[in-house]
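Remarks on the structure that follows.
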Amino acid sequence: MQHLITFDQENKIFNLSNDKITYLLGIEEGNVLAHIYFGKKVSGYHNQFKYPRLDRGFSGNLPGSLDRTYSLDSLPQEYSSQGVGDYRILAAIIRQENGATASRFVYQGHEILAGKPKLAGLPAAYVKDDAEAQTLKIYLFDEVSQVKLELLYTIYANRAVITRSVKAINEGTQNVTLEKLASLQLDMVKPDLEVLSLPGGHVNERNVQREKVGFGIKKFASRRGTTSHQMNNFIALLEPNASEFSGEVYGFDLVYSGNHSMEVQKDPYGQYRLVAGINDENFAWMLEPTQSFQTPEVVMVYSDQGLNQMSQTYHALIHDRIVRSKFKNQERPILVNNWEATYFDFDESKLRPIVDEAKNLGIEMFVLDDGWFGHRNDDNSSLGDWYLNKGKFPDGLKGFADYVHAQGLKFGLWFEPEMISLDSDLYRAHPDYMLKVPGYQPSPARNQFVLDMGRKEVRQNIQQQMEKLLDQGFIDYIKWDMNRHLSDVYSVALAPNQQGEVLHRYVLGLYEMLEELTTKYDNILWEGCSGGGGRFDSGFAYYMPQSWTSDNTDAIARLKIQYGTSMVYPISTMTSHLSAVPNHQTGRITPFNTRGNMAMSAVFGYELNLTHLTDEEKQQVKQQVAFYKEIRPLVQFGTFIRLKSPFEQNDVAWMFVSKDQKEALLFTFNILADAQPEFTYTKLAGLLADAKYQDVESGAVYYGDELMNIGLYQPVVRQDFSSQYYHFKAL
Ligand code: GLA
């Protein structure tokens, strides 16, 4: 077996290497675990890159040492803690019974394992077999608190990926409280770094923001109880010259669906530290003797060819080794969803014609969205009552699903399992199931409240209701939604000194429920959603192979949203629907083909009333559906390449290339038309240089390198929001 991880006994250095990357760490004076290098692969390491020693004023030294040149305040380390004179952002803060929050973690031992262990209760990247990866477990120990840390590093044989996580074990006799326990710390001595993050909001997810790190601390985080639209749980650190196709980039993706934090600091000596993991705000986890705590995992990616290579490494890892669903390699059905078609104003007689039209147009699945349950006819009631709204379906839900199936379509259904309405049977029976702080009236959002998902009996109630429906076997797809964030964070099921655990217990409870449901009902295609893309994270992708990317279906707004989302997540996880104009979120009117090209750049569907389409539009839908069926494997499972960014210019382009590079699909978009336009052209990428490619529509033939080095002129269209596609096949 290939040695991915070695330990140099003499110099006490660990080397994690494959043919793409190398990660080096060592045991320094005082048994401190020090960081040496992370980057492009090296053939070996001769212990020459020693961190220089220097007396830095006001940076203290090791206890009992007279050496003023060695300080934990400057040494690049693997995992820092409070109270040892490291004034940078810290990875661990642990409170003891006497109130002390200091700990001095030193190297205690290590193990090198084949494969990759599972993380108890948490989603994480997995391996197919033990030959695929190796894992280094390093034990750090603090003698006073008797807390042991297990630092886990897994390197895959064939990917530019290292995953990291930490487990804390209380080996002492007193209770300790974890006030902060990061999944990862990475110290880097680099001349200059920039940081790329994905901030946004509802209907405006994952904008690409790039900035200089600069002195001080930057924190990219969520305090909303979930990943959030507002700040995705991913950042990249980049060398200033890095672009889409060149330069060094380091990506960090936290595999978690709760509060997260990515802190980046440029320290007084111009060095960088990244600390990532569960957000320590409103977090405190009590560990009794012998108990342990597992942090979520961070997937680190290194690229020396810019952002596209980083994204492609993430896309492959998330698709191959995070998503587990048996649908992951299956082409996803083209669906029509009734949300923007009808909102709450529907009954079976109104939906049947949409189903009929869907059949006529070649669409493969009908999804019944919000409003089918309880007495929900608007968004003020019934969350928690997962049984039929009888007025809307006289023959029952199964009767309607049977009708859909009889038309040859699959049937999908919407749920929002984590929520409760005041006007619900669930609330009337169990008012204590909701998260609320004693003495305070809980804050509504969309007039709904959040269930205490950390409690087993709460989860069971909802799960049993869902299973009653799922067991009838007529549901092919489920959209799992969540339409507000957590406030009023308090659980009646936990002791006063455990209230800092509520948010993480919520996530663990949710994961347990998802694990049970998606395992038991693995024939169902599960789609994640949270008011659009509010929980677009790889933790959720572990359970659900696809997610609704945004509640914003406007083609032009979606250019940015899908471009930003593609930084981390593979196209097969992203769903996108063609909707009506004027668009319901922006009021914008865009051409039908542009809406199609945008939505066909992901897992495709429609979200409008098909019966309202003109005959000409129906013809276009038929063509789109037929075309998408042809290109579906290429889009869903090909290599996605970003060419021109909507964050930088008026014309946008991206493409898909098949794994054998013999087929490619280019989409171009021109946002605003100009009376006196500058000519622009698009250079393709990812093709075989000397292969000949034919444009399927025009018949024109090009060498791969003609398309990549010379490119194609963008046609001048005298209309805003125009778009083209080019489908190439190698001759
Ligand atoms: C969220 C989803 C939408 C729709 C509505 C229903 O906003 O993102 O697609 O399902 O809820 O209430």
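As the structure lists them, so they are numbered: ligands from 1, and atoms in each ligand from 1. Just so you know, these numbers come straight off a predicted model, no measurement behind them. Count residues from 1 along the sequence.
Only one option out of Trp548, Trp339, Phe604, Tyr606 pairs with His577 in a ring-ring contact (aromatic ring centres under 6.0 Å, His included); it is Trp548. In summary, of the residues considered (Arg455, Arg484, Arg535), a salt bridge (Lys or Arg N to Asp or Glu O under 4.0 Å) with Glu418 occurs for Arg535 alone.
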Output, or 'none' if empty, a list of ligand 1-protein atom pairs in which both atoms are N or O and the distance is under 3.5 Å, rounded to 0.1 Å.
{"unit_1": "ligand 1", "atom_1": "7 (O)", "unit_2": "Asn483", "atom_2": "OD1", "d": "3.3"}
{"unit_1": "ligand 1", "atom_1": "7 (O)", "unit_2": "Asp551", "atom_2": "OD2", "d": "2.6"}
{"unit_1": "ligand 1", "atom_1": "8 (O)", "unit_2": "Gly532", "atom_2": "N", "d": "2.8"}
{"unit_1": "ligand 1", "atom_1": "8 (O)", "unit_2": "Asp551", "atom_2": "OD1", "d": "2.4"}
{"unit_1": "ligand 1", "atom_1": "8 (O)", "unit_2": "Asp551", "atom_2": "OD2", "d": "3.2"}
{"unit_1": "ligand 1", "atom_1": "9 (O)", "unit_2": "Lys479", "atom_2": "NZ", "d": "2.7"}
{"unit_1": "ligand 1", "atom_1": "9 (O)", "unit_2": "Trp548", "atom_2": "NE1", "d": "3.3"}
{"unit_1": "ligand 1", "atom_1": "9 (O)", "unit_2": "Asp551", "atom_2": "OD1", "d": "3.4"}
{"unit_1": "ligand 1", "atom_1": "10 (O)", "unit_2": "Asp369", "atom_2": "OD1", "d": "2.5"}
{"unit_1": "ligand 1", "atom_1": "10 (O)", "unit_2": "Asp369", "atom_2": "OD2", "d": "3.2"}
{"unit_1": "ligand 1", "atom_1": "10 (O)", "unit_2": "Trp414", "atom_2": "NE1", "d": "3.0"}
{"unit_1": "ligand 1", "atom_1": "10 (O)", "unit_2": "Lys479", "atom_2": "NZ", "d": "3.0"}
{"unit_1": "ligand 1", "atom_1": "10 (O)", "unit_2": "Asp481", "atom_2": "OD2", "d": "3.4"}
{"unit_1": "ligand 1", "atom_1": "11 (O)", "unit_2": "Asp481", "atom_2": "OD2", "d": "2.9"}
{"unit_1": "ligand 1", "atom_1": "11 (O)", "unit_2": "Asn483", "atom_2": "ND2", "d": "3.0"}
{"unit_1": "ligand 1", "atom_1": "12 (O)", "unit_2": "Asp370", "atom_2": "OD2", "d": "2.6"}
{"unit_1": "ligand 1", "atom_1": "12 (O)", "unit_2": "Arg446", "atom_2": "NH1", "d": "2.9"}
{"unit_1": "ligand 1", "atom_1": "12 (O)", "unit_2": "Arg446", "atom_2": "NH2", "d": "2.9"}

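Between His504 and Tyr256, a ring centre-to-centre spacing shorter than 6.0 Å is recorded.
No side-chain heavy atom of Leu198 sits less than 4.5 Å from a side-chain heavy atom of Gln209.
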Quiz: residues 440-447 side-chain donor-acceptor pairs under 3.5 angstrom, not counting sequence neighbours:
{"unit_1": "Arg446", "atom_1": "NE", "unit_2": "Asp379", "atom_2": "OD2", "d": "3.2"}
{"unit_1": "Asn447", "atom_1": "ND2", "unit_2": "Asn380", "atom_2": "OD1", "d": "2.9"}

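Note that Lys392 lies in the cation-pi zone of Phe346, set by a 6.0 Å cut-off to the ring centre and a 45° limit from the axis.
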